[in-house]
2 protein chains.
Amino acid sequence: MDGVERQASAARVKQVANVLEEEIVLGWLQPRERLIEEDIASRFEVKRHVVREAIAELERMGLVERVQNKGAAVRMLSPTEVRQIYSVREALETLAAQQIPLPPSPEAIDLLVDIQEQHAAAVERGDSRAGFRANMAFHNALFGACGNPHLVELIQSLAQKVHGARSYTAANPVHLARARDDHWAMIEALKASDREKLVQLCREHLSPSRDTYIASLEQRFGKAG
Amino acid sequence: MDGVERQASAARVKQVANVLEEEIVLGWLQPRERLIEEDIASRFEVKRHVVREAIAELERMGLVERVQNKGAAVRMLSPTEVRQIYSVREALETLAAQQIPLPPSPEAIDLLVDIQEQHAAAVERGDSRAGFRANMAFHNALFGACGNPHLVELIQSLAQKVHGARSYTAANPVHLARARDDHWAMIEALKASDREKLVQLCREHLSPSRDTYIASLEQRFGKAG
DNA sequence: TTTGCCATTATTGTTGACAATTCTGATAAC
DNA sequence: GTTATCAGAATTGTCAACAATAATGGCAAA
């Protein structure tokens, strides 16, 4: 028996994919940067076929682009794509917000407050990695309250797609602080059973990161795209 | 040089996945039925790792379920899941219908008419396989006109998830005829630039297959689930 | 200096063999 | 007759070596 219990391979695949996802989101891996299977394999101490599955997962999420015999590279989203994705996100997230039963259960509130305290702490100490995780957890918990897991799944998948577009905001203190405030306001709206306010907050919560990304993109590469 | 040009493996994976998808949808593969990797591999004359990727794809689509060391089996959707998925489908498809620019381009109409003629012909001669394909093509073309590929992608993925629930309707002449009539009506609404009618048609188009599936499921397994 | 070609290297794709696990059916104990 | 146990078969998971392809860099010709 090994000292460390041997994980099921499915779990290892997920783990590798998650770490790579974070590194893309946080901008440690730049667009166009290639993902070399063997390098990743040795880094995570897994076999190459595990890395292959993880990369396939990232491809499905839209974070990475694969070309036959040329491998995978971090994907670059065009401003148009970003706009389209955010447009659908807005529709789905407001839809979910409209379906959250009000008043929410005390447990749901407690969970959100719990997560949000972690998020606030991460923002406080400038830990963008923990901030990213807590942010994702908050949105999952919030929209999870709508009671339709399939809707939540779609929201998650769309959020994942633009994660790559968030490296510009995920490390920016101003945006992080703003997100934190938004989250607290959402919790207040839930407590007050103010659906209109909640929906509005969800909608407005999306714009800043979208606009920041598009602006920085157009600045770097010109207005085309 | 081979007589048949050798396909890229990515294409072969897709092809295998598509055929298996059809067989699940048409009920040739029953729920709980296992998918044996080697059998499939020899049937399609591909290597096992190709089959594995294809099955992983089906798992992502939600058509099969995988268990560690036990393989994949056709997935059974509970009535609750079906209801939840259709609820999101309705939201997304009406959303897309609302975004289709009116009046539509003549080319778009021509394309839809073209596809729909194939669909009608398939219904006429009772070819459920061709009917399934044409039906899918019609919906892709229709919602594709909304101009947001990411929205279309979500609609497709949701449709795929409940494909397995459609084996009851996909082979039923009454339902096929009804779908055919609905499609023609949609084309008419497009021609008339009658958005309200179009949206209504899209919404009502979904109910029959959902209700039929749920009813047959509850009849077979009782009202639980 | 630049450009085109070629050999070398780096990387991905494919394969078959083997290991680990689960399923099946027969046998024996109760 | 039923249940427990176990060997063998069937099936999935893992691996390392090999093949195929694309990237790299050097060298010669202009």
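The figures that follow rest on heavy atoms only: side chains count, while hydrogens, waters and symmetry mates do not. Numbered from 1 within each chain, the chains take letters A, B, ... in sequence-line order.
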Checklist outcome for this item: Of the listed dG13(C), dT21(C), dC23(C), the closest approach to the Asn69(B) side chain comes from dT21(C)
Item to check | Rounded distance (Å) that lies between atom P of dT14(C) and atom NZ of Lys47(A) | outcome: 21 Å
Next on the checklist: Can you tell me whether the side chain of Arg48(B) and the base of dG16(C) have a donor-acceptor pair closer than 3.5 Å?
Outcome noted: no
Checklist entry - To the nearest Å, how far apart are Glu45(A) CD and dT14(D) P? => result 16 Å
Next on the checklist: Tell me the interatomic distance from Ile40(B), atom CD1, to dT12(D), atom C1', rounded to whole angstroms.
Outcome noted: 13 Å
Checklist entry - Considering heavy-atom distances to DNA chain D, does Ala10(A) or Arg34(A) have its closest nucleotide positioned more toward the 5' end? => result Ala10(A)
Checklist entry - Counting distance only, does the side-chain N/O of Tyr213(A) pair as donor-acceptor with the main-chain N or O of Val162(A) below 3.5 Å? => result no
Checklist entry - How long is the line joining CZ of Arg52(A) and P of dG13(D), in whole Å? => result 17 Å
Checklist entry - Expressed in angstrom and rounded to an integer, what is the separation of Arg66(A) atom CZ from dT11(C) atom P? => result 16 Å
Next on the checklist: Given dT12(D), dT22(C), dT12(C), identify the nucleotide with an atom nearest to the side chain of Ile36(A).
Outcome noted: dT12(C)
Next on the checklist: What's Ile55(B) touching, base or sugar-phosphate or nothing? Going by heavy atoms closer than 4.0 Å.
Outcome noted: nothing
Next on the checklist: Going by ring pair (Phe, Tyr, Trp, His ring centres under 6.0 Å), name the residues that satisfy it together with His183(B), two or more places apart in sequence or in a different chain.
Outcome noted: His119(B), Phe138(B), His139(B), His205(B)
Next on the checklist: Which heavy atom of Leu63(B) sits nearest to which heavy atom of Gln160(B), and what is that distance?
Outcome noted: CD2-O, 3.3 Å
Item to check | Where Ala91(B) and Leu95(A) come nearest, the two heavy atoms and their spacing | outcome: CB-CD2, 3.4 Å
Checklist entry - What's the CD-P distance between Glu38(A) and dC15(D), to the nearest Å? => result 14 Å
Checklist outcome for this item: note: Glu53(B), atom CD; dT14(C), atom P; distance rounded to Å ~ 8 Å
Next on the checklist: As a test of reading the structure: which of dT22(C), dT15(C), dA22(D) is closest to the side chain of Lys70(A), going by heavy atoms?
Outcome noted: dA22(D)
Item to check | Where Leu151(A) and Leu92(A) come nearest, the two heavy atoms and their spacing | outcome: CD1-CG, 3.9 Å
Checklist entry - In whole angstroms, how far is the P atom of dT21(C) from the CD atom of Gln68(B)? => result 9 Å
Next on the checklist: Counting only side-chain heavy atoms from C-beta out, which of dA16(D), dG13(D), dC23(C) sits nearest to Glu37(B)?
Outcome noted: dG13(D)
Next on the checklist: Counting only side-chain heavy atoms from C-beta out, which of dG13(C), dG13(D), dT14(C) sits nearest to His49(B)?
Outcome noted: dT14(C)
